[in-house]
Amino acid sequence: MINALFVFSANGELLVCKLIKDHIKRSISDVFKTQVINDPHVRSPILTLGSTTFHHIIREGANSLPMWLVAVSRGNVDSSMIWEYLNKLYQLMEVYGINDEDVLREEFMVLYEILDITLENGIPQTTDLAQIVPRVSKKPVNDANASFKPSDIDDFLSNSNILRSSRLIKRASSSMALSTLPECPWRPDGLRYKKNEVYLDINENISLLVGKDGSIIKSYVEGSVDCVSHLSGMPVCELGLNDSYQSNSSNNFTDSDTEQSLMEMMVEYDVKNKKAIPNAAAKSVPLQDCQFHQCVQLARYETDHVIRFVPPDGSFQLMKYRVADNINIPFSVLPSVEIVNQSTVYYKITLRSLFPSNVIAKDVTMKIPVPQTTLKCDFYVSGGRCQYDSTEKCIVWKYSKYNGSTESTITAKAIIPSTSHDLADLLRWSRPPISLKFEIVMFSNSGLVVKHLKCQEPQLNYQPVKWIKYISHSGAYEIRY
């Protein structure tokens, strides 16, 4: 619904910029400043330019200067819902004392925290003060607002000049079936499915830079745990990983927790490629820069190091992480590039897959740069398809499928007109790195593996079907020569 949110000062200075969708750029705030703030004749609270719509409200700040709250959206949206959200957002700014330009410049992170709580992927979730106060690092300026009662909250949310929305209020008041857990506005109550399933994808992007001498200059993995939940009721899920912070502490689940080998874990989840994740159960993976979805109980993770959560309905990203140590390298590239004379560059490149033989990589593409003045290329490959791309000035070597523990070689000659270069110019060629793109299913670059995934719904007491998949993608996978 909301693709971006801006807060402007009275003179049009951008104080806060929250970009929710990737296709929205910060520069679009200049359009609003030019078309609305700098134009005294504009009176409408809505402006549409092409497919982009600006909804805005003006409120008098604590310093008696106006503040502009602007929501940017694309497509057909509910304008009354957006205006209601902007009004309630400003009321929250008043509670926390950040409705002053000078204060907001110093305490802008408080507003970002409020936006993260009240907006989920651009959709307003809750403006309930009772749910916001415990999750914001700063306490409200007025202590009376912190010790509110339900009637006080209703008065706070029902200002006479604000449109009421049953959808927003219902979303804010939805609570969990378990009394021991806090309210979760991200999941509606009363969900029922004939078949209860949960899908877990471990997506990892590996970035690698190899030097001319074959040494690894840089290597890291950026991963995410993506989940699709089709579960009835209000289930409580627990995810255990083999990260270095994992502990063997007990939990509240009724079934016994016993140590499992890698083979037992793969059998449990019906994974055929049991050798795809070598030594994953034996080693612990040091995760860095972990970020969790709001449904995760962070206090439980900090004490027991278990990811416990009530999942939203549908697809969502449970967590993000980064790994920089003990990475499983999927491919090795051995290049040999020689300048024969001023008109020929000779290539011999070996591609070797380092993952198990029962694992297959898909859409493997290697791009081998050639000098800018290359006229044509002659090449021979032991497998796959190869062609010369004159636009990008590179040789493109492709495999639709590439088996593990396999080695392939390409030999090529780049023909350069003798009149365009002498040998000295060719020796000064910058030699851009060779790049590699691929996707491998059931292979973990970091060695991260799911040790257990448990789901319980005390009232319905069903056993869901669990699917777990590991997917490895290439990031910036480059080899110098």
Side-chain angles (χ1 to χ4, degrees), residues 2 5 7 15-16 18 20 57 59 61-62 67 69 71 81-82 84-189 234 291-303 308-310 312:
I2 297 177
L5 195 140
V7 178
L15 301 175
V16 172
K18 174 73 171 178
I20 301 171
I57 63 172
R59 290 292 177 267
M67 297 183 71
L69 274 68
M81 175 75 76
I82 294 180
E84 178 187 11
Y85 173 75
L86 291 178
N87 277 281
K88 293 180 178 179
L89 177 63
Y90 184 78
Q91 290 184 353
L92 289 171
M93 293 172 63
E94 288 182 317
V95 171
Y96 283 92
I98 55 175
N99 61 327
D100 180 276
E101 295 180 11
D102 297 330
V103 177
L104 185 58
R105 289 187 183 96
E106 297 293 332
E107 303 287 344
F108 62 92
M109 285 305 300
V110 177
L111 182 55
Y112 279 112
E113 290 181 39
I114 295 174
L115 291 175
D116 289 338
I117 297 170
T118 58
L119 280 179
E120 176 68 28
N121 200 27
I123 301 176
Q125 298 296 310
T126 180
T127 52
D128 189 345
L129 192 60
Q131 299 183 33
I132 293 173
V133 169
R135 299 166 64 185
V136 176
S137 59
K138 179 184 176 181
K139 297 301 179 183
V141 174
N142 188 352
D143 294 337
N145 289 330
S147 58
F148 46 82
K149 299 178 181 179
S151 59
D152 297 328
I153 301 171
D154 293 338
D155 293 338
F156 172 80
L157 295 177
S158 58
N159 191 300
S160 60
N161 62 351
I162 299 178
L163 296 172
R164 297 185 60 86
S165 171
S166 59
R167 284 171 290 176
L168 190 58
I169 296 173
K170 181 179 179 180
R171 195 181 285 120
S173 61
S174 63
S175 60
M176 296 178 58
L178 300 178
S179 60
T180 58
L181 296 175
E183 294 184 348
C184 55
W186 56 84
R187 182 179 179 88
D189 198 3
M234 199 66 65
Q291 300 178 25
F292 296 95
H293 190 274
Q294 63 173 337
C295 67
V296 175
Q297 295 183 15
L298 296 179
R300 179 67 185 275
Y301 182 76
E302 292 173 357
T303 55
R308 197 164 189 257
F309 60 99
V310 176

> Quick one: CE on M67 to CG on L104, what's the gap to the nearest 0.5 Å?
5.0 Å

> Identify the heavy atoms of P188 and M234 that sit nearest to each other, and give their distance.
O-CE, 4.1 Å

> Is any side-chain heavy atom of D128 closer than 4.5 Å to one of I132?
no

> What are the two closest non-hydrogen atoms of G97 and V103, and how far apart are they?
O-CG1, 3.1 Å

> Can you tell me how far the CD1 atom of I57 sits from the CG atom of N87, to the nearest 0.5 Å?
4.0 Å

> Roughly how far apart are E94 CD and L89 CG, rounded to 0.5 Å?
10.5 Å

> Measure across K138 and Y96 and return the closest heavy-atom pair with its distance rounded to 0.1 Å.
O-CE2, 2.9 Å

> Check whether any side-chain N or O of W186 sits under 3.5 Å from a backbone N or O of Q125 as a donor-acceptor pair, and report yes or no.
no

> Do L86 and L5 touch side chain to side chain, with heavy atoms closer than 4.5 Å?
yes

> Mind checking the CD1-CG spacing from I98 to L92? Nearest 0.5 Å is all I need.
8.5 Å

> Is there a side-chain contact between L15 and F108 in this structure, where contact means two heavy atoms from C-beta onward sitting under 4.5 Å apart?
no

> What are the two closest heavy atoms between A71 and I82, and how far apart are they?
CB-CG2, 3.6 Å

> Roughly how far apart are Y85 OH and T118 OG1, rounded to 0.5 Å?
2.5 Å

> D116 and K18: which non-hydrogen atoms are nearest, and at how many Å?
OD1-NZ, 2.7 Å

> Could you tell me whether the side chain of V310 reaches within less than 4.5 Å of the side chain of R187, counting heavy atoms only?
yes

> Do E120 and Q294 have side-chain atoms, one donor and one acceptor, less than 3.5 Å apart?
yes

> To the closest 0.5 Å, what do you measure between OG1 (T127) and CG (L119)?
10.5 Å

> Please give me the minimum heavy-atom distance between H293 and P312, naming the atom from each residue.
CE1-CG, 3.6 Å

